[in-house]
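Letters go in sequence order (proteins before strands), and every chain restarts at 1.
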2 protein chains.
Amino acid sequence: MVEFRVDRASGLPAYLQLGRQVREALRLGWLQPGDRLPTVRDVVATSGVNANTVLKAYRELELAGLVEARQGSGTYVKSSLGSAAPEALDDLRAKFAAWVREARSAGLEDEDIDALVRAVLSGGSDDGAG
Amino acid sequence: MVEFRVDRASGLPAYLQLGRQVREALRLGWLQPGDRLPTVRDVVATSGVNANTVLKAYRELELAGLVEARQGSGTYVKSSLGSAAPEALDDLRAKFAAWVREARSAGLEDEDIDALVRAVLSGGSDDGAG
DNA sequence: TCTATTGTTCTAGTTCACTAGAACAATCTG
DNA sequence: CAGATTGTTCTAGTGAACTAGAACAATAGA
């Protein structure tokens with residue numbers, strides 16, 4: 001079962017946060033075809049957002065072909081998104097977690113780590129000769 | 001000189017994107033006290049956002065004590081944010097870039113990498129025993 | 001002083017995210 | 001069939017983000 005976390009202070013619309021979390025869960029294998037998402041009313045009770053907002057998120061996922069809504073039953077995962085083997089993901093996650101630990105012990109705050117990661121991922125400069 | 005990139009499709013308000021980019025540049029040492037930010041009109045011409053939007057971003061940075069606006073002259077960096085040594089940052093960046101390359105060669109798409117990174121950074125589960 | 005540059009303020013309006021509440025429709029269970 | 005559960009639709013309204021355009025204020029430099 002996926003647990004949604006909606007951060008109202010992030011500035012990102014709630015329906016986008018919900019959609020992103022489902023997509024991430026799909027990529028990491030936490031959600032697989034056939035799994036049921038939390039009901040709209042569940043999410044309303046858990047996260048405090050309005051039913052229409054949840055519905056908007058679910059509808060976009062359905063338009064993308066990722067989930068399927070069955071009235072009276074629930075919303076189910078329709079197709080997967082992951083492109084990597086679970087073992088590879090585990091291995092990479094462990095290595096990245098180690099890197100994070102090293103960064104922390106080097107004195108970096110969480111925001112520093114975030115900035116660094118974001119710079120590499122969006123910038124794409126992976127050669128040290130720049 | 002910082003180059004702003006405003007992605008209107010990201011869902012994140014433009015003024016937040018601008019503010020975040022300045023903060024990240026401060027954390028990575030790309031901006032230092034005394035440096036001048038692009039003028040409001042520059043940003044307008046470059047990114048296409050409205051002057052009021054740019055001003056909103058700059059004003060929040062000024063409220064945070066990070067920059068100082070001097071009418072007729074420009075907006076200048078007032079204080080730093082980085083908590084780590086430049087060499088440590090370089091070293092960590094190289095290591096993380098290597099990890100990204102490894103992830104790509106393992107078949108992960110950029111979105112997979114993003115999901116994995118986000119999960120580790122926000123979840124904090126860095127032990128493989130979960 | 002004069003001129004260009006830059007930050008600043010103001011008004012007016014549009015679009016989108018979100019809320020609130022109610023009602024309807026399909027499915028499952030007994 | 002009856003009742004509970006779930007997704008769905010609808011109307012109305014609020015507030016934030018953003019746009020557009022104009023004008024003002026302070027600084028730097030000739």
Side-chain angles (χ1 to χ4, degrees), chain A residues 1-23 31 33-78, chain B residues 1-23 31 33-78:
Chain A
M1 174 67 87
V2 185
E3 185 86 9
F4 290 121
R5 300 163 275 109
V6 175
D7 178 12
R8 310 311 293 274
S10 75
L12 200 66
Y15 80 100
L16 286 181
Q17 292 185 45
L18 295 177
R20 159 175 295 177
Q21 280 167 43
V22 171
R23 288 171 188 269
L31 276 179
D35 287 351
R36 197 179 81 149
L37 296 186
T39 71
V40 172
R41 288 171 175 81
D42 267 352
V43 181
V44 167
T46 305
S47 67
V49 303
N50 191 271
N52 295 305
T53 302
V54 181
L55 202 62
K56 183 171 187 180
Y58 279 13
R59 202 172 308 164
E60 292 203 349
L61 291 169
E62 192 168 21
L63 272 175
L66 297 176
V67 306
E68 184 184 21
R70 299 192 212 133
Q71 205 158 244
S73 176
T75 304
Y76 297 83
V77 175
K78 196 171 162 190
Chain B
M1 177 67 88
V2 184
E3 186 85 11
F4 289 121
R5 301 162 275 108
V6 175
D7 178 11
R8 310 311 293 274
S10 75
L12 199 66
Y15 81 99
L16 285 182
Q17 291 186 44
L18 296 177
R20 160 176 292 179
Q21 281 168 43
V22 170
R23 287 170 188 269
L31 277 180
D35 287 352
R36 197 179 81 147
L37 296 186
T39 70
V40 172
R41 287 172 177 81
D42 267 351
V43 181
V44 168
T46 305
S47 67
V49 302
N50 190 271
N52 295 306
T53 302
V54 181
L55 202 62
K56 184 171 185 178
Y58 279 14
R59 203 172 307 165
E60 292 204 348
L61 291 170
E62 193 169 19
L63 271 175
L66 297 177
V67 306
E68 184 184 21
R70 298 191 214 136
Q71 205 159 245
S73 175
T75 302
Y76 298 84
V77 174
K78 197 172 161 190

Q. Residues in side chain to side chain contact (heavy atoms under 4.5 Å, CB included) with B/Ser73, at least two apart?
A. B/Arg70, B/Tyr76
Locate the shortest heavy-atom distance separating [X] from [Y]; write the atom from each residue and the value.
X	Y	value
A/Tyr15	A/Glu60	CE1-OE2, 3.4 Å
A/Ala57	A/Gly19	CB-N, 4.3 Å
A/Lys78	A/Pro33	O-CB, 3.9 Å
A/Leu37	A/Val67	CD1-CG1, 3.9 Å
A/Ser10	B/Leu12	O-CD1, 3.6 Å

Between [atom2] on [N] and [atom1] on [X], what's the gap in Å once rounded to a whole number?
X	N	atom1	atom2	answer
A/Leu16	C/dC16	CG	C1'	11 Å
A/Asp7	C/dA17	CG	P	18 Å
A/Asn50	D/dG7	CG	P	14 Å
A/Glu68	C/dA26	CD	P	16 Å
A/Arg59	D/dC10	CZ	C1'	11 Å
B/Leu55	C/dC10	CG	C1'	12 Å
B/Glu60	D/dA17	CD	P	8 Å

(Q) Below the 4.0 Å mark, does D/dA17 have OP1 or OP2 next to a side-chain nitrogen or oxygen of B/Thr53? (A) no
**Q.** side-chain N/O A/Arg8 vs C/dT19 OP1/OP2, d < 4.0 Å
**A.** yes
Q.
Which residue is it: B/Thr53, B/Val43, B/Leu66? I am looking for the one with a side chain to side chain contact (heavy atoms under 4.5 Å, CB included) to B/Tyr58.
A. B/Val43
Q) Under 3.5 Å, is there an N or O donor on one side and an acceptor on the other linking the side chain of A/Asn52 and the base of C/dG21? A) yes
Q. Starting at the 5' end of DNA chain C, which residue's closest nucleotide do you reach first, B/Glu62 or A/Ala51?
A. B/Glu62
**Q.** Closest to the B/Lys56 side chain, choosing from D/dC18, D/dA17, D/dT8
**A.** D/dA17
Q) Between D/dC10, C/dC18, C/dT8, which nucleotide has the shortest distance from any of its atoms to the side chain of A/Tyr15? A) C/dC18
(Q) Expected output is a numbered-order residue list: members of residues 39-46 of chain B with a heavy atom under 4.0 Å from any atom of DNA chain C. What is it? (A) B/Thr39, B/Val40, B/Arg41
**Q.** Spacing of A/Arg5 atom CZ and A/Thr46 atom OG1 [to the nearest 0.5 Å]
**A.** 13.0 Å
Q) About how many Å separate OG of A/Ser47 and CG of A/Asp7, when rounded to the nearest 0.5 Å? A) 12.0 Å
(Q) I need a per-nucleotide contact map over nucleotides 25-30 of chain D, read 5' to 3'. Cutoff is protein heavy atoms under 4.0 Å; write B for the base, S for backbone only, - otherwise. (A) BBB---
